[in-house]
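Just below is one structure, and these are the notes that go with it.
Just so we're on the same page: letters track the sequence lines, and every chain starts at 1. What you see is a predicted model; the values in this text were computed from it and never measured.
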Amino acid sequence: MKTGFYPGCSMKGSAREYSESLLAVAAALGRDLPEVPDWNCCGATAAHNLDPDLALALPARILAAAEKEGMDEVLVPCAACYSRLSVTRHELLADEALRRRISGLVEADFRGSARVLNIIEWLAAIPGLEGMVKAPFARRVACYYGCLLVRPAGVVNFDRPEEPQSMDLLMKKIGAEPLDWAFKTECCGAGFSVSRTDLVAKLSGLILEDAVARGAEAVIVACPMCHLNLDMRRPNIERRAGKKYHIPVIYITQALGLAMGLPAKKLGLQRHKVAVKFPAANSAAKDI
Amino acid sequence: MRSDNHAHPAGPALADRVLEKTGVDVARCYQCGKCSAGCPLAADMDFPPSQVMHLLQLAAGFPEYAELALRSHTIWLCLTCEICYCRCPMELDIPKVMDALRHESLAQKKTNPKARDIIAFHRAFLDSVRTTGRLFEMGQVIDYKLRSGHFLQDMLQAPWMFLVGKLHLLPERVRDRRLLGRIFARTSKAKEKRP
């Protein structure tokens, strides 16, 4: 079984700590994650909004490159890239004429032999993860899945489209206490971070408000867009809400790395806008 | 039903074209409103998703409703979060309908003026990918500023991003950029002039 790695553009830039923490965890687990050769951008929201062919062609070239390299599965940690690759694979496998046309467009034969894996699927399949925990991540956490990890259900075939549980189970494995809360799969505003920051501040503010109201000490995310909006857009959220939120937003791989005893710097925690700190009062309250 | 409107630019066939492009038969929507109830941005839209479906149903007899759908702000505000599709009792893929309406709206040059910034951002994104094969975040933001005129936005964010190592001054590039160029040239929107 050969597993390839599709980082996507944001993990090389604004979300580099997601990539750093994933690779640090993978190294500690003894897993090799070779990148898909000469990968390109998946097209993200822009391509499917503006150009239907491009929205299929860009992911098809990525998947075809992974297949050519003999990869049986491709780990796609960014939930937005995961969605675009999953949708493309689903649509091309359902329509032979479309598969041929798009294959011709990208000058490579997409066959669909490489599965698309999200970060939770990849982590959940690692046996004995509990045994790797050296410093239990004993925090009350709000697991924030966002939209695209779990929807559309018929395309991603992963967990429940609302009220999913897989990330909660992973958090339990590392000693955290996942909370019941209402915004697990509500949208953060995603790609409007720059063009409609006002709407992102509104939607992401609602998410933080519920997490804080339920006593969460951290929001756990599995998507660079979710992180960008909940962390880097914090000043915009606070200006709109008229109040401060101190709750840190942590990638699932960072929480795992901390539990495995990896140094915070290797996990890129210093790159966050909102400091990853847990007030003493909060840690006392966690015994409840 | 009026019969004299068949030459209307949006055409009475919008629902048919949506069906052809997406496989979604909008006539099956019975207006339960669950999509609008779940939509995170329904309150910011000119028509919530269920009303867009209704506009498409009515467009067969009244082409001006097709115009309203294509010129709506809604189709650009849709985030494709998929909650409407998830909850639709008829399992109608509304986000896919929104994609199809966006493409029609662009092709017929009927985009809502309020969506200018959103579309400018998407165009800047694809420009960046076309040039280097991967998104170059700084290049995209500069391109967006030029397109949208929002020169001062996030001026303080950039130095911070640079300090924490999140902003690269040089783009990552795909080796086979000529292939990327050919792919862009072959796709559906390539023949349209990109403003």
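In this structure, D176(B) contributes its side chain and D38(A) its backbone to no donor-acceptor pair below 3.5 Å.
Separating the CE atom in M161(B) from the NZ atom in K273(A) is a distance of 9.5 Å, to the nearest 0.5 Å. Atoms CZ and CG, from F125(B) and N49(A) in turn, are 11.0 Å apart once rounded to the nearest 0.5 Å. The OG1 atom of T197(A) lies 9.5 Å from the CD atom of Q157(B); values are rounded to the nearest 0.5 Å.
Close approach to chain B, defined as a heavy atom under 4.5 Å from one of its heavy atoms, is seen in M232(A), R233(A) of residues 227-238 of chain A, taken by number. Interface residues of residues 199-206 of chain A toward chain B, defined by a heavy-atom distance below 4.5 Å and sorted by number: L199(A), K202(A), L203(A). When the heavy atoms of residues 26-33 of chain B are compared with those of chain A, none of the residues falls under 4.5 Å. Close approach to chain B, defined as a heavy atom under 4.5 Å from one of its heavy atoms, is seen in C9(A), S10(A), K12(A), G13(A), S14(A), R16(A), E17(A) of residues 4-19 of chain A, taken by number.
Of the atoms belonging to A153(A), not a single heavy atom falls under 4.5 Å from chain B. Of the two parts of L105(A), the backbone and the side chain both hold a non-hydrogen atom closer than 4.5 Å to a non-hydrogen atom of chain B. With a threshold of 4.5 angstrom between heavy atoms, R271(A) approaches chain B through its backbone and through its side chain. Only the side chain of W160(B) has a heavy atom closer than 4.5 Å to any heavy atom of chain A.
Contact annotation: the side chain of V155(A) never approaches that of E82(B) to less than 4.5 Å [non-hydrogen atoms, C-beta and beyond]. At least one side-chain heavy atom of L179(B) sits less than 4.5 Å from a side-chain heavy atom of R61(A).
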